[in-house]
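Everything below concerns the one structure shown next.
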Amino acid sequence: MSYAVKNLVQGSRELIAFRIGEQEFCVNIMSVREIRGWTPVTPLPHSPHYVMGVINLRGVVLPIMDLATRLGMKPAEPTPRHVIIVAQVHSKVVGLLVDAVSDILTVTDEDIQPTPEVSSDLERQYARGILAIDKRMICLIELAALINESESEAA
């Protein structure tokens with residue numbers, strides 16, 4: 001049985017985990033197109049506060065979002081150690097600035113615990129659950145909820 005078929009049978013999925021500050025988050029690996037090193041951006045006037053600017057990615061203008069700012073955290077101060085996760089969100093491609101990619105996880109639905117009720121409505125809108133893996137707490141983020149279609153067009 002192939003790996004892909006085995007995963008479908010077992011109901012598991014792969015997630016890519018990354019760090020922002022001291023916290024870990026993850027997204028569905030199927031939405032990730034590539035991971036690349038930090039590249040300075042060209043700022044865009046009148047863009048949302050969490051859009052840092054754009055880069056040229058092989059001839060395509062790619063908006064770069066500071067994921068920390070979008071999640072209500074302290075804005076990132078990019079260094080060469082930061083990475084950009086290039087993700088497909090709806091019909092758009094967007095770059096997500098994070099501190100580092102930490103892991104690729106294979107999980108089942110049973111591994112994902114519900115977001116606690118103490119979270120704000122805004123946090124629950126983006127967070128689809130919590131993974132408790134190897135003494136780590138990793139928040140599962142739903143990129144489609146994080147970036148609505150009109151915002152990705154504005155960027």
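Atoms considered below: every heavy atom in the structure, side chains included; atoms not considered: hydrogens, waters and symmetry mates. FYI, the numbering just counts along the sequence from 1. As the structure is a prediction and not an experimental result, all values here were calculated from the model.
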If I take atom [atom1] from residue [X] and atom [atom2] from residue [Y], how far apart are they, to the nearest 0.5 angstrom?
X: D103; Y: L131; atom1: CG; atom2: CG; answer: 11.0 Å
X: D111; Y: L15; atom1: CG; atom2: CG; answer: 9.5 Å
X: E77; Y: D66; atom1: CD; atom2: CG; answer: 10.0 Å
X: T39; Y: I64; atom1: OG1; atom2: CD1; answer: 7.5 Å

If every non-hydrogen atom of [X] is compared with every non-hydrogen atom of [Y], which pair is closest and at what distance?
X: P63; Y: V93; result: CD-O, 3.7 Å
X: M52; Y: V41; result: O-CG2, 3.5 Å
X: N56; Y: G59; result: OD1-N, 2.7 Å

Review item, side-chain donor-acceptor pairs of residues 78-89, under 3.5 Å, at least two apart:
unit_1: T79; atom_1: OG1; unit_2: R81; atom_2: N; d: 3.2
unit_1: T79; atom_1: OG1; unit_2: H82; atom_2: ND1; d: 3.1
unit_1: H82; atom_1: ND1; unit_2: T79; atom_2: N; d: 3.0
unit_1: H82; atom_1: NE2; unit_2: D99; atom_2: OD1; d: 3.0
unit_1: Q88; atom_1: OE1; unit_2: R33; atom_2: NH1; d: 3.1
unit_1: Q88; atom_1: NE2; unit_2: H90; atom_2: O; d: 3.4

Can you name the salt bridge (Lys or Arg N to Asp or Glu O under 4.0 Å) partners of D134, sequence neighbours left out?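 If we apply the salt bridge (Lys or Arg N to Asp or Glu O under 4.0 Å) test to D134, skipping adjacent residues, there are no hits.
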Can you name the residues that form a salt bridge (Lys or Arg N to Asp or Glu O under 4.0 Å) with R58, not counting sequence neighbours?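 Salt bridge (Lys or Arg N to Asp or Glu O under 4.0 Å) check on R58 returns E34.
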With sequence neighbours excluded, tell me which residues meet side-chain hydrogen bond (donor to acceptor under 3.5 Å, both in side chains) with D109.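 Residues passing side-chain hydrogen bond (donor to acceptor under 3.5 Å, both in side chains) with D109: R13.
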Check for me, please, whether [X] and [Y] land in the same ILVMFWY cluster - side-chain distances under 4.5 Å, paths through other members count.
X: I133; Y: I104; answer: no
X: I55; Y: V98; answer: no
X: L44; Y: V61; answer: yes
X: M65; Y: W38; answer: no
X: L97; Y: V94; answer: no

Pairing residues for P114 by the side-chain contact (heavy atoms from CB on, under 4.5 Å) criterion, not counting sequence neighbours: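 P114 satisfies side-chain contact (heavy atoms from CB on, under 4.5 Å) with no other residue.
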Counting only pairs under 3.5 Å, give me each side-chain donor-acceptor contact of residues 17-28, with atom names and distances, residues two or more places apart or in other chains.
unit_1: R19; atom_1: NH1; unit_2: G21; atom_2: O; d: 3.1
unit_1: E24; atom_1: OE1; unit_2: R136; atom_2: NE; d: 2.8
unit_1: E24; atom_1: OE2; unit_2: S102; atom_2: OG; d: 2.8
unit_1: E24; atom_1: OE2; unit_2: R136; atom_2: NH2; d: 2.9
unit_1: N28; atom_1: OD1; unit_2: M30; atom_2: N; d: 2.8

Pairs under 3.5 angstrom only: tabulate donor-acceptor contacts from the side chains of residues 137-146 to other protein residues two or more places apart or in another chain.
none

May I have all residue pairs that pass salt bridge (Lys or Arg N to Asp or Glu O under 4.0 Å) and include part of residues 38-52, sequence neighbours excluded?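 Output for this query is empty, none listed.
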